[in-house]
Number of protein chains: 2
Amino acid sequence: MADREAEHLVGTRARLVEVAGEEFARRGFADATVRAICERAGVNIAAVNYHFGDKAGLYRACVQSKYEKSLAHRPPEGGLGPERPAEERLGVFIATMLERMLDSSEPAWLARIMAREMVQPTEVFDEMCDHFIRPQFAMLRGIVAEIIGAEAESVTAYRAAYSVVGQCLFYKHCRAVVERITPGQGYDLAAVAGIAEHVTRMSLAGLRAMREAGADGAAGDAWAADKARFFSGDGRGMS
Amino acid sequence: MADREAEHLVGTRARLVEVAGEEFARRGFADATVRAICERAGVNIAAVNYHFGDKAGLYRACVQSKYEKSLAHRPPEGGLGPERPAEERLGVFIATMLERMLDSSEPAWLARIMAREMVQPTEVFDEMCDHFIRPQFAMLRGIVAEIIGAEAESVTAYRAAYSVVGQCLFYKHCRAVVERITPGQGYDLAAVAGIAEHVTRMSLAGLRAMREAGADGAAGDAWAADKARFFSGDGRGMS
DNA sequence: CATTGATTGAAACGTGTGTTTGAATCGGTT
DNA sequence: AACCGATTCAAACACACGTTTCAATCAATG
């Protein structure tokens, strides 16, 4: 009789997961309380223990149930096949990533939880990294490598991909700073499209310049020595 | 008789601030306990209340006492005057920012606390943003505006500066991801220098391309309409 | 040495938390 | 109807935490 929110969802499990996801994203795992979650979901406190074991189990269920839905809803390639030019695929990748993170019409709490996992990884981080981040990053790396004209496993490709991702993530991770420095502009679809256009243009120019400069060698001494150290972590280098 | 760490610091205040900073950075404000902090500092629990009022006061003292020291120790311009070319100043800015965040020989917990403040601002965020972030961002914005050939208050300059900062912050905020995707490489001085060189090169190429494309107008319809909306937040636009 | 204010010490307090309990209720099956 | 497993409920439990208390100790001053 006391369903406060999430009334559109049937079943205590589904309501709990939905409400808990928002609460974990807003407050963080430690500051989010199971009492507040259950009250918002209109569910008894014991339901957490009964359905998910404990608070950590509920958190695990939130993350694991959502990142696959996000991936299915907005595939990173946006339906573009590999026959399209790499420049176009890069633009779609950037726009998709920004929309998935910033568009306020989405259940955007997944990206916020991921931002928290970055600064303080929990037990779900490894799986999230392997199943969600790594495949998309590999796809992006292939695109930038094609534009640069270097191998996808080269140091240059890795760092160039990092640069593209970094530009996008900034608007999510540092949203509080952006809103304080340039206040008043929300993240509606048009604003996100403007950001995507800028990031794409800036990245494309940088990548093309790297192609002209040559993939390796022609960039000074530090660069070559740098590459040798880059892959010194484990024997096989990369998966 | 029981000083566990930070014995080199005299005075309970100094020991508390130092230990608490590391603890807040590692665990976060909620997960860090005053008991653990005081035990590590070799200080009685009541000292927190006596010297700082409460846990939040200790946190405030940590942040406010450190970001000014960081700024004094590594000025963002690196001693370069405005007579040097903008390209050189950009490289120094990027290298300084990366070293301050990544170099493991520094008391690097300030950057980690700032990353936490991004995803979950507390009461110290506004002051930190105004006194620490905004001045450095304004300096960077001036540099990139000079390279682009646009006004420092233009949308292009803001977003270009965001792109530069985003590339740098990625290595700090997403360190866990970087270490899982390319494991084994630490952030010693040489590695940081390599990253700085890449970010500088990629950014410079992007900025130069924007100058050639023209500051405004010549880039399609969305760009101009975009600018009108960018500064619609408050009347004066910017400080 | 005696006095006084500042600081430290050990212990306890109150509160909010995640978790558990055991009875009550529901939904389907025999 | 009677039964039974699954689920829900109100209440309580156990614990860790931030905070407070008040006596003990220290350092300077007369």
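Keep in mind the model is a prediction, meaning the values are calculated, not measured. Below, read A as the first sequence line, B as the second, and so on, with proteins coming before strands; counting in each chain starts at 1.
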**Q** Residues two or more places apart in sequence or in another chain: which of them pass side chain to side chain contact (heavy atoms under 4.5 Å, CB included) with A:Asn49?
**A**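 None.
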**Q** Which letter, B, S or -, goes with each nucleotide of nucleotides 17-27 of chain C from 5' to 3', with contact meaning a protein heavy atom under 4.0 Å?
**A** BBBBB------
**Q** For a quick test of your reading: what N or O donor-acceptor pairs under 3.5 Å do the side chains of residues 167-177 of chain B make, sequence neighbours left out?
**A**
from     : atom 1 : to       : atom 2 : distance (Å)
B:Gln167 : OE1    : A:Ser163 : OG     : 2.8
B:Gln167 : NE2    : B:Ser163 : O      : 3.4
B:Gln167 : NE2    : B:Ser203 : OG     : 3.1
B:Lys172 : NZ     : B:Met101 : O      : 3.4
B:Arg175 : NE     : B:Glu179 : OE2    : 3.2

**Q** Under the ring-ring contact (aromatic ring centres under 6.0 Å, His included) definition, can you give me all pairs with a residue in residues 22-58 of chain A, not counting sequence neighbours?
**A**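 For residues 22-58 of chain A: A:Phe24-A:Phe29, A:Phe24-A:Tyr59, A:Phe29-A:Tyr59.
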**Q** Please give, in whole Å, the distance from D:dC22 P to B:Tyr50 OH?
**A**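 From B:Tyr50 OH to D:dC22 P: 17 Å.
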**Q** If the condition is side chain to side chain contact (heavy atoms under 4.5 Å, CB included), which residues does A:Ala30 pass it with, not counting sequence neighbours?
**A**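 In terms of side chain to side chain contact (heavy atoms under 4.5 Å, CB included), with neighbours along the sequence ignored, A:Ala30 is linked to B:Ala30, B:Asp31.
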**Q** Roughly, in whole Å, what's the span from CD in A:Glu39 to P in D:dA10?
**A**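 Whole-Å distance recorded here is 12 Å.
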**Q** For B:His51 and C:dT8, is the shortest distance between a side-chain N/O and OP1 or OP2 below 4.0 Å?
**A**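 B:His51 to C:dT8 OP1/OP2: side-chain N or O found under 4.0 Å.
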**Q** Write down the distance between CZ (A:Phe52) and P (D:dT8), rounded to a whole number of angstrom.
**A**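 The answer, rounded to whole Å, is 11 Å.
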**Q** Reckon B:Thr12 has a side-chain N or O less than 4.0 Å from the OP1 or OP2 of C:dT8?
**A**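 So the side chain of B:Thr12 is within the cut-off, an N or O lying under 4.0 Å from OP1 or OP2 of C:dT8.
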**Q** Would you kindly give the CD1-to-P distance between A:Ile37 and C:dG16, to the nearest whole Å?
**A**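 Checked: the CD1 to P distance equals 18 Å.
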**Q** For B:Glu117, what residues pass the salt bridge (Lys or Arg N to Asp or Glu O under 4.0 Å) criterion, not counting sequence neighbours?
**A**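 Counting only residues at least two positions away or on another chain, B:Glu117 forms no salt bridge (Lys or Arg N to Asp or Glu O under 4.0 Å).
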**Q** Atom CZ of A:Arg13 to atom P of D:dT8: distance rounded to whole Å?
**A**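 Atom-to-atom, A:Arg13 to D:dT8, this comes out as 11 Å.
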**Q** Given atom CZ of B:Phe24 and atom C1' of D:dC17, what is their separation to the nearest angstrom?
**A**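 It works out to 13 Å between those atoms.
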**Q** With a 4.5 Å cut-off on side-chain heavy atoms, are A:Leu16 and A:Ile37 touching?
**A**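 Yes. Closest side-chain heavy atoms under 4.5 Å.
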